[in-house]
Amino acid sequence: AWMVGGAIACETPLCTVSVEAARYRGREKFEDAPSSLQARAAFHIGRFSPFVNYQHGLHDYPFDIFRAELTVEFDILKPE
């Protein structure tokens with residue numbers, strides 16, 4: 001199986017926005033070639049980073065996924 005893709009992103013102190021495209025061949029058999037597009041926006045608020053993500057499948061396996069998540073950054077190894 002092989003995969004090819006690309007991405008473009010813009011990052012500011014307030015947020016990061018990215019768009020990605022990917023295509024791979026041979027997931028189940030060599031004739032299939034699913035593709036997907038993904039857009040993501042993450043916001044930086046102190047240690048918290050809420051983000052929204054949308055992914056759209058093309059060709060052999062069409063699908064739509066929408067996610068809203070929250071990440072929390074912490075460093076337990078940082079000396080005080």
Quiz prompt | Between CG on residue Leu14 and CZ on residue Phe43, distance to nearest 0.5 Å | solution = 7.5 Å
Quiz prompt | Over-ring placement of Arg40 relative to Phe51, 6.0 Å and 45° cut-offs | solution = yes
Exercise. Identify the heavy atoms of Pro50 and Leu70 that sit nearest to each other, and give their distance.
Key: N-CD1, 3.7 Å
Quiz item: In Å and rounded to the nearest 0.5 Å, what is the CD1 to OH distance from Ile65 to Tyr54?
Solution: 9.5 Å
Exercise. Indicate the atoms forming the closest heavy-atom contact of Ala39 with Asn53, along with that distance.
Key: O-OD1, 3.2 Å
Exercise. Mind checking the CG-CD spacing from Leu37 to Gln55? Nearest 0.5 Å is all I need.
Key: 9.0 Å
Quiz item: Can you tell me if His56 and Ser36 form a side-chain donor-acceptor pair at under 3.5 Å?
Solution: no
Quiz item: So, Thr71 side chain and Ser49 main chain: donor-acceptor pair closer than 3.5 Å or not?
Solution: yes
Practice problem: Kindly determine whether Phe66 and Val52 satisfy side chain to side chain contact (heavy atoms under 4.5 Å, CB included), including the steps that lead there. | Solution: CA-CA 7 Å; Phe66 178 79; Val52 291; 4.3 Å; yes
Practice problem: Supply the members, apart from Val19, of the Ile/Leu/Val/Met/Phe/Trp/Tyr cluster built from side-chain contacts under 4.5 Å; use none for a lone residue. | Solution: Ile8
Exercise. Could you check Ile76 against Phe74 for side chain to side chain contact (heavy atoms under 4.5 Å, CB included), going step by step and ending with a plain yes or no?
Key: CA-CA 6 Å; Ile76 60 174; Phe74 60 94; 3.6 Å; yes
Quiz prompt | CD/Glu73: more than 12 non-hydrogen atoms of other groups inside 6.0 Å | solution = no
